[in-house]
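Numbered from 1 within each chain, the chains take letters A, B, ... in sequence-line order. Excluded from the calculations below are hydrogen atoms, water molecules and symmetry mates; all remaining heavy atoms, backbone and side chain alike, are included.
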Amino acid sequence: MTTAPATAATSTAVRKPATMAQALGRALRDAMAEDPSVHVLGEDVGTLGGVFRITDGLTQEFGENRCTDTPLAEAGILGTAVGMAMYGLRPVVEMQFDAFAYPAFEQLISHVSRMRNRTRGAMPMPITVRVPYGGGIGGVEHHSDSSEAYYMATPGLHVVAPATVADAYGLLRSAIASDDPVIFLEPKRLYWSKSDWSAEEPEPVEPIGRAVVRRRGTDATLISYGPSVQVCLEAAEAARPEGWDLEVLDLRSLVPFDDETVCASVRRTGRAVVVHESTGFGGPGGEIAARVTERCFHHLEAPVLRVAGFDIPYPPPMLERHHLPGVDRVLDAVARLQWEADWTGTGGAR
Amino acid sequence: MTTAPATAATSTAVRKPATMAQALGRALRDAMAEDPSVHVLGEDVGTLGGVFRITDGLTQEFGENRCTDTPLAEAGILGTAVGMAMYGLRPVVEMQFDAFAYPAFEQLISHVSRMRNRTRGAMPMPITVRVPYGGGIGGVEHHSDSSEAYYMATPGLHVVAPATVADAYGLLRSAIASDDPVIFLEPKRLYWSKSDWSAEEPEPVEPIGRAVVRRRGTDATLISYGPSVQVCLEAAEAARPEGWDLEVLDLRSLVPFDDETVCASVRRTGRAVVVHESTGFGGPGGEIAARVTERCFHHLEAPVLRVAGFDIPYPPPMLERHHLPGVDRVLDAVARLQWEADWTGTGGAR
Amino acid sequence: MTVLEQPGSYHPVPPPSWRPRVDPAPLLPDEEPYRLLGTSAARTADPGLLQRLHAELVRGRRYNTQATALTRQGRLAVYPSSTGQEACQVAAALALEERDWLFPSYRDTLAAVARGIDPVQALTLLRGDWHTGYDPYAHRVAPLCTPLATQLPHAVGLAHAARLKGDDVVALAMVGDGGTSEGDFHEALNFAAVWQAPVVFLVQNNGFAISVPLAKQTAAPSLAHKAIGYGMPGRLVDGNDALAVHEVLDQAVRHARAGGGPTLVEAVTYRIEAHTNADDATRYRPESEVEEWRAHDPIALLERELRDQGLLDDATAEAAREAAERMAADLRARMNQDPALDPMDLFAHVYAEPTRQLREQAEQLRAELDAAGHEDEGEGRQ
Amino acid sequence: MTVLEQPGSYHPVPPPSWRPRVDPAPLLPDEEPYRLLGTSAARTADPGLLQRLHAELVRGRRYNTQATALTRQGRLAVYPSSTGQEACQVAAALALEERDWLFPSYRDTLAAVARGIDPVQALTLLRGDWHTGYDPYAHRVAPLCTPLATQLPHAVGLAHAARLKGDDVVALAMVGDGGTSEGDFHEALNFAAVWQAPVVFLVQNNGFAISVPLAKQTAAPSLAHKAIGYGMPGRLVDGNDALAVHEVLDQAVRHARAGGGPTLVEAVTYRIEAHTNADDATRYRPESEVEEWRAHDPIALLERELRDQGLLDDATAEAAREAAERMAADLRARMNQDPALDPMDLFAHVYAEPTRQLREQAEQLRAELDAAGHEDEGEGRQ
Ligand SMILES: Cc1ncc(C[n+]2csc(CCOP(=O)(O)OP(=O)(O)O)c2C)c(N)n1
Ligand SMILES: Cc1ncc(C[n+]2csc(CCOP(=O)(O)OP(=O)(O)O)c2C)c(N)n1
Ligand SMILES: [Mg+2]
Ligand SMILES: [Mg+2]
């Protein structure tokens with residue numbers, strides 16, 4: 001687990017960020033202010049402040065050498081970041097959209113994830129790769145991929161996805177402070193979600209690797225991360241009148257995976273559903289369901305079920321709502337968790 | 001399921017291929033002889049016949065335009081193959097080694113896998129991407145990756161891995177005949193494995209999408225594919241004296257996945273272990289274990305276990321034997337399948 | 001550098017493999033962008049071509065403004081306008097024969113339309129009811145390509161395949177100045193040159209990649225200078241001079257068709273509108289720069305030439321404008337209808353035949369839709 | 001092409017953004033590979049440098065033959081020999097200052113050794129006991145890089161970072177002729193030129209990428225001609241002329257250090273051995289071609305010059321050979337010892353701190369090893 005220095009820069013403004021986008025920008029700014037080795041680079045991150053405005057103001061404040069508009073070439077961006085990291089910098093790379101990180105795949109898999117191991121620890125890669133990811137924003141093709149399965153399957157990377165404004169700040173600070181490469185998945189459709197910070201709290205710096213229970217419940221555990229956490233919370237609310245008291249888990253990082261928190265919850269509830277946007281087949285849910293089952297088999301009343309995107313290329317905007325796992329599909333899965341009533345033939349808990 | 005035309009070219013030599021490498025070469029040759037739209041391209045596939053000699057003789061027989069040495073650029077190879085497929089050809093692309101397919105990742109994910117869908121079926125992508133994959137051959141870094149998790153997580157691709165010489169021929173013929181893109185994973189360390197064909201049999205053309213039971217057993221199912229099938233067969237033999245009668249399943253294709261055959265077996269045996277070389281975390285085993293559990297929960301006496309490579313970058317040759325799942329690890333997993341004796345405290349079946 | 005031979009015991013010899021290479025000079029582009037309009041050479045141009053270009057440019061401009069308006073009405077998710085770049089868009093389409101192929105980038109909707117794609121179908125991607133809205137084989141226009149530069153190797157592969165099949169087909173592939181930085185640009189041009197594939201690469205250098213100006217994209221003397229590194233000719237042309245762009249592309253297409261191999265054409269132009277309707281161009285460029293370019297408007301340049309040559313009078317100009325208005329009205333009307341949507345299409349074309357798993361998932365969605373009553377959709381596609 | 005202006009109502013003006021560009025001529029390489037040995041210019045070379053180059057070349061050749069021999073004895077998994085390319089290998093190392101960085105490709109073990117890496121550590125990757133056998137920071141040599149051309153952007157990033165930190169450090173990155181076709185080559189050179197990063201790119205054009213000859217790799221007049229497409233100077237040099245390679249690299253390094261930006265150097269050379277010991281070069285090239293190049297041997301060329309200048313007599317030659325033999329004997333002796341292996345290293349450096357899962361897996365392996373008695377290993381690394 002990696003934690004950023006506990007004291008956030010005190011020179012920063014007092015007002016708490018209002019949206020996740022602002023919290024991310026603020027995390028970048030605080031990290032840059034605190035550590036001169038933090039450099040931001042990517043397409044349009046400078047003058048424009050990024051197409052999502054996450055890096056807005058950084059070039060003005062820190063200069064072009066600290067926040068740099070690169071040529072349009074993702075492998076080049078990540079590849080030069082590797083070289084910068086070799087020389088002791090902490091590059092934070094922005095990939096403009098999920099699918100536009102693919103050109104950098106070889107640099108990521110063959111170098112970023114392996115350089116530390118290759119050199120027996122001599123050459124760490126403290127690189128943060130920020131990837132706006134996922135759907136639900138009406139984006140045209142290539143703008144809504146959930147590509148976390150690729151990153152999860154790659155040893156040497158950390159894979160993080162915040163679900164709240166506070167975590168966006170706290171996890172990004174820890175990602176930048178980490179001496180290991182972090183794929184930082186920013187749920188696009190939460191960019192404009194509102195703050196959960198109170199004005200009094202200090203900037204939260206959240207260590208990477210700890211799942212958190214977002215809602216306590218006794219009947220079943222909904223396991224999720226990123227944009228789907230909100231869906232699970234809504235599903236849990238909707239399940240109440242149906243007689244189910246659902247626990248909602250926010251993984252926060254897929255790697256490292258917090259087996260302890262997840263298994264403790266599932267052992268308590270005896271039932272679980274994994275929810276994510278990424279395609280089901282070969283997606284993160286398989287790993288999660290399998291490892292929970294391996295560890296909690298005798299506590300399970302039903303198989304761990306998965307609610308995921310269909311096994312299809314991400315659909316066009318007008319059809320995406322049919323693809324994205326929503327409250328109804330989560331509830332349907334919960335209903336299939338072999339409640340006792342099912343066995344007596346008297347119908348589900350509903 | 002896609003099947004090549006049932007009649008293999010009769011002009012071909014009568015002697016059966018002796019090794020998997022030869023069977024693959026023969027499949028390419030037969031496909032090219034039968035269908036002039038089949039073109040082979042890649043690095044060193046022409047004059048040299050490929051670094052593994054799979055394409056040996058093709059340029060001599062069919063000319064440089066049918067089997068072409070390309071410039072050294074994998075994205076360019078796959079990208080031009082896309083264009084060739086657009087014009088009605090059937091490109092068969094060779095990636096020299098697993099890790100050298102990564103530069104082509106964007107072309108694969110953003111185009112090859114989606115072009116049919118993008119164009120409502122107007123523009124299919126009958127491309128076969130041959131990837132020599134996996135370890136166990138003493139290869140230096142980047143020459144032993146098991147990258148199937150990346151491909152599995154990508155809708156629109158078929159993912160195939162033969163475990164026998166006959167399947168190498170039969171599945172490659174079907175892959176080339178398929179109107180969809182196929183990632184054809186060739187287990188490097190089986191290249192020199194000996195033929196399982198009898199001289200009388202016709203060339204087997206094996207449809208894609210059907211798992212096969214390689215060994216019948218009653219106590220537990222070992223689920224595997226590619227190079228690990230052999231390990232499972234050996235483990236099953238070794239388990240006999242210990243009192244376990246193990247069934248061994250060869251998936252042959254990860255996509256499409258043959259739920260029917262797999263679940264039929266697991267329902268019969270009540271226990272299962274998934275075995276593969278790829279890293280465990282985020283690897284294919286998670287998906288397989290999860291879907292088997294979803295479908296067979298009440299038949300399972302124990303959680304589906306996984307025996308996989310460690311969650312580490314592929315190690316250097318001198319250490320790879322510690323990483324690769326071998327017979328002992330498979331047997332250890334079998335022993336953990338909660339045999340009844342365990343419950344009575346009298347020790348395992350062993 | 002001159003090698004002064006030494007009167008010693010041996011003479012320095014070039015390394016054995018060294019052969020005097022092709023003279024690179026002819027591969028180098030002109031020092032300034034090639035222009036025709038306003039020169040004496042323009043006087044000898046085919047009047048029919050000039051008029052055709054004019055009508056298409058006027059129509060194209062109208063298409064751009066109409067599509068942008070549709071974004072404001074929520075009828076398009078997004079529109080990357082080619083206003084100011086119509087000369088490139090139209091010339092690219094017109095330089096090709098029927099049997100040729102066009103490979104547009106995401107900004108080149110207009111080129112696709114100029115080549116014959118239905119204006120509504122060309123917008124499907126940007127409306128969001130499906131990805132590619134047209135059959136690529138109907139007019140030999142590849143899908144509008146969003147991942148930058150990735151369409152370039154496709155064009156090379158297609159052109160190469162056609163040549164292998166004995167068809168004298170040329171592929172013209174379009175890319176932006178920003179796209180030239182991608183590895184796929186490099187690999188595509190290299191394959192094309194090595195294979196002598198009949199491809200023309202048209203770079204619309206409009207000065208920006210979203211907010212990033214050319215100076216942060218390349219330090220090359222010009223983008224056309226990249227050609228020599230692949231051993232193909234580079235041409236530099238004023239991208240707002242429709243006649244010049246057309247001539248340069250036409251020559252490159254003929255050259256390719258005749259077996260002369262690929263050409264790289266850089267057309268110097270400007271994106272008058274923001275990157276897309278979602279972009280705010282004032283953040284990265286001064287209005288004065290845009291004004292300078294408005295004064296170099298491709299339609300105005302062409303109209304002046306036509307009027308000078310007596311090929312355009314007020315009546316013809318009016319007729320062109322009216323034709324463009326009719327196109328726009330038709331586009332508006334058809335885009336104002338909700339597209340027919342069938343959610344079951346999600347599963348229809350993932351594979352030639354759906355897998356068992358996709359059939360199961362399709363059944364699940366079908367059941368959900370049935371349960372929900374599914375009133376406003378599912379009447380199937382027309 | 002000359003634009004004839006038309007005496008009409010307006011003059012054709014270049015597009016507004018058009019500025020007369022930097023003159024590309026100085027960026028173009030010489031017409032023939034630059035040579036020094038055997039010319040009068042070589043007479044003025046520093047005798048110490050010539051002798052140093054000679055000693056290193058002799059040592060380098062011996063290193064290559066010894067390493068190849070070790071493959072036959074099963075002491076190396078594989079060895080890609082640089083026999084015939086020693087001039088490039090040695091000059092690359094010698095052109096750099098202590099504080100500079102070298103980015104070798106997988107074939108450049110010798111360059112790493114010439115820069116100071118322990119000959120045994122340099123072979124770790126190829127022996128197979130670990131990936132990178134040396135600490136990259138000890139001599140500022142990046143790990144030998146197997147995925148082709150991927151090291152080039154690393155060199156650019158490092159050089160750029162050094163410059164930002166105010167250090168006058170230069171990075172020299174090596175790549176093969178085949179590697180120039182990869183997208184990463186393109187992206188690296190472009191970033192370097194845009195950032196004016198202090199990098200020197202050295203392409204060893206040895207005529208082949210495994211079996212694929214240069215003619216199937218590129219149609220460019222020369223690989224050095226690619227430089228102009230990035231706006232950097234391209235230099236062409238006889239890669240078997242150690243003095244010329246050294247001078248060209250030395251100039252490029254100075255140029256970069258002085259803030260002049262990157263240079264692309266193409267050294268024309270030849271791979272005398274097969275691609276690796278596992279390769280059969282007779283499948284793709286005639287022995288006569290190899291013979292031609294043997295006659296252009298880098299050591300022979302240099303020895304002739306030294307003898308002409310009276311800088312080498314039989315005794316010095318013998319001394320160089322003896323030093324090389326000592327190195328080879330030492331290499332042999334140390335490589336004949338089994339490397340210390342600790343299987344637990346598998347988990348040691350995946351992350352700064354192992355995850356819980358990795359700790360569990362390490363425990364599993366530890367238990368297996370304990371159960372197996374684990375005699376021949378596990379004494380830990382020395
Ligand atoms: C591989 C990839 N990376 C990033 C993007 C996001 N993106 C869309 S348009 C654009 C700028 C393109 O600039 P240019 O190539 O000059 O074309 P123009 O927009 O000027 O037509 C970027 C970065 C993308 N579409 N594809
Ligand atoms: C990305 C990538 N693709 C393929 C390979 C396999 N491969 C290893 S060496 C080689 C040929 C390299 O040729 P060149 O760049 O000319 O270097 P040389 O071997 O001549 O030194 C190939 C194709 C690789 N290492 N990396
Ligand atoms: Mg542009
Ligand atoms: Mg070479």
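- Within a 6.0 Å radius of CZ in R254(D), other residues, nucleotides and ligands contribute 12 heavy atoms or fewer.
- The candidate with the highest count of non-hydrogen atom pairs below 4.5 Å against chain D, out of V255(A), L157(A), L41(A), is L157(A).
- Between chain D and the residues G83(A), P36(A), A85(A), the largest count of heavy-atom pairs under 4.5 Å involves G83(A).
- Nearest heavy atoms, D184(D) versus A149(D): CB-O, 3.5 Å.
- Neither the backbone nor the side chain of Y134(D) comes within contact range of chain A, judged by heavy atoms closer than 4.5 Å.
- Looking at every heavy atom in both residues, W101(D) comes nearest to L96(D) through O-CD1, 3.7 Å.
- The candidate with the highest count of non-hydrogen atom pairs below 4.5 Å against chain A, out of A161(D), A155(D), A138(D), is A161(D).
- In terms of non-hydrogen atom pairs under 4.5 Å with chain A, the most contact-rich of D135(D), V156(D), T355(D), L164(D) is L164(D).
- Proximity to chain D is absent for every atom of A81(A), based on heavy atoms less than 4.5 angstrom apart.
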Go through F185(D) and V203(D) one step at a time and tell me if the side chain to side chain contact (heavy atoms under 4.5 Å, CB included) criterion holds. CA-CA 10 Å; F185(D) 172 87; V203(D) 179; 4.2 Å; yes
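- Less than 6.0 angstrom separates the ring centroid of Y230(D) from the ring centroid of H186(D).
- Considering every non-hydrogen atom in both P181(A) and G156(A), the closest pair reads CG-O, 3.4 Å.
- In this structure, E148(A) and L185(A) approach most closely via the heavy-atom pair CB-CD1, 3.6 Å.
- Here the closest non-hydrogen pair linking E94(A) and T55(A) is OE1-CG2, 3.8 Å.
- Within the 3.5 Å criterion, the main-chain N or O of L123(D) finds no donor-acceptor partner in the side chain of R127(D).
- A salt bridge links E360(D) and R356(D); the closest N-O separation between the charged side-chain nitrogens and carboxylate oxygens is under 4.0 Å.
- Listed options N65(A), T70(A), N117(A) were ranked by heavy-atom pairs under 4.5 angstrom with chain D; first place goes to N117(A).
- Using a 4.5 Å cut-off between heavy atoms, A348(D) makes no contact with chain A at all.
- Atom CD of E61(A) has more than 12 heavy atoms from other residues, nucleotides or ligands within 6.0 Å.
- For Y137(D), the part lying near chain A is the side chain, with the backbone staying farther off; criterion is any non-hydrogen pair under 4.5 Å.
- Taking the six-membered ring where the residue is Trp, H276(A) and Y225(A) present tilted rings, their angle falling between 30° and 60°.
- Contact annotation for M115(A): only side-chain heavy atoms (C-beta onward) come within less than 4.5 Å of a heavy atom of chain D.
- Contact of L152(D) with chain A is not made at all, since no heavy-atom distance falls under 4.5 Å.
- Among the candidates P155(A), G121(A), A75(A), G79(A), the residue making the largest number of heavy-atom pairs closer than 4.5 Å to chain D is G79(A).
- Using a 4.5 Å heavy-atom cutoff, the side chains of R90(A) and M84(A) are not in contact.
- Residues of residues 187-195 of chain D lying under 4.5 angstrom from chain A, judged on non-hydrogen atoms, are E187(D), N190(D), F191(D), V194(D), W195(D) in numerical order.
- Between chain D and the options M123(A), H111(A), R291(A), heavy-atom pairs under 4.5 Å are most frequent for H111(A).
- Interface residue T68(A): only side-chain heavy atoms are found under 4.5 Å from chain D.
- Distance alone, capped at 3.5 Å, is enough to place a donor-acceptor pair between the Q357(D) side chain and the F257(A) backbone.
- Counting heavy-atom pairs under 4.5 Å between each of T80(A), L72(A), D259(A) and chain D puts T80(A) at the top.
- The most heavy-atom pairs under 4.5 Å with chain A, out of T150(D), D167(D), V350(D), come from T150(D).
- Both the backbone and the side chain of P71(A) have a heavy atom closer than 4.5 Å to some heavy atom of chain D.
- For E74(A), the part lying near chain D is the backbone, with the side chain staying farther off; criterion is any non-hydrogen pair under 4.5 Å.
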Kindly indicate, with the supporting measurements, whether the criterion salt bridge (charged side-chain N to carboxylate O under 4.0 Å, His left out) is fulfilled by D258(A) and R252(A). CA-CA 9 Å; D258(A) 186 352; R252(A) 302 205 279 201; over 6 Å; no
